[in-house]
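I have placed the structure first, in the form of structure tokens, so that the comments after it can refer back to it.
Whatever order the structure lists ligands and atoms in, that order sets their numbers, starting from 1.
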Amino acid sequence: MDLFSSLYPFVFCSLASGSSGNSYYIGNGDEGLLIDAGISSRRIVKSLAENGISIRQVKAILATHDHSDHIKGLAVLANKYRLPVMATPDCLKGVSQHPLTAELDKDLMQEIRTRKAFRLSGLEITAFSVPHDGMGSVGYHVRNSHASLTLATDLGVLTDEAVHFLKSATTIVLESNYDEDLLQNGSYPPYLKQRIRSHQGHLSNADVAAFLQQHFHSGIQQIFLCHLSQHNNHPELARQSAIDALNGCTPDAAKMLTVLPRGQRSPLFHL
Ligand SMILES: [Zn+2]
Ligand SMILES: [Zn+2]
């Protein structure tokens, strides 16, 4: 941890990442927020505690979209701890209609607008639209006075807007869902392969590599790959593909790259 990190703490961890469930914590040291709650409420509380964070430090849950792997534990967690659930109007509509989250207390729902920054727990947060087949899908850009993080998961293509927010951050959390060969030769039915590859689907390892080759710059200090497919990807494949893309851009490729585990929490990272 450098001097700035201790003056302006900015911490991040993943509690789960992938199609079986997603949840991330971003905080300022004293308090923070969750992005998505796609695992059980009990597991979120336990995984946070294992990283030294009390659920009482969490001040809100931001949702990216209404797919179950992002909202499974949302209603139970939010209702129990009276946490505001912040999302786009379309996402909130999807959440209130979803069987897993229909019980969410309407009083806890707070609408946010894309590209309209707001403050929470000493952090400035901006949501931006991403192309995906969920309701009101967004990514998030979160910053304090010395560091920033852009999380973009569940998106079929990297739009100019997503690229803009990724390039503006010191830390990137980016979906690297599938390896094209594994998907092509795997057992998924054709319609599902088509859905994953579509512009409303998910990003491949090659999509991430192309982004890094084109847009990496020295202001980007850490890269986390998230939402890896269990069947159509492998952590080593995703990692190597990104490192190959970064080699030539930076000598620190291996050091700055982390593949977030699917079924367990990551450690707490000080950004
Ligand atoms: Zn997902
Ligand atoms: Zn999704």
>> Nearest 0.5 angstrom please: T153 OG1 to Y140 OH, how far?
In response: 12.5 Å
> Picking from S14, C13, S176, what satisfies side-chain contact (heavy atoms from CB on, under 4.5 Å) with L260?
Replying inline: S14
> Should the pair H202 and H132 be assigned to parallel (<30°), tilted (30 to 60°) or perpendicular (>60°) ring geometry?
Replying inline: perpendicular
>> Distances under 2.8 Å only: what protein N/O/S atoms are near the Zn ion (ligand 1), ordered by chain and residue?
In response: D69 OD2, H70 NE2, D154 OD2, H227 NE2
> Is it true that K93 and D66 have a side-chain N and a carboxylate O under 4.0 angstrom from each other?
Replying inline: no
>> Can you classify the ring geometry of F211 versus H215 as parallel (below 30°), tilted (30 to 60°) or perpendicular (above 60°)?
In response: tilted
>> Is the ring pair F165/F128 parallel, tilted or perpendicular, if the boundaries are 30 and 60 degrees?
In response: parallel
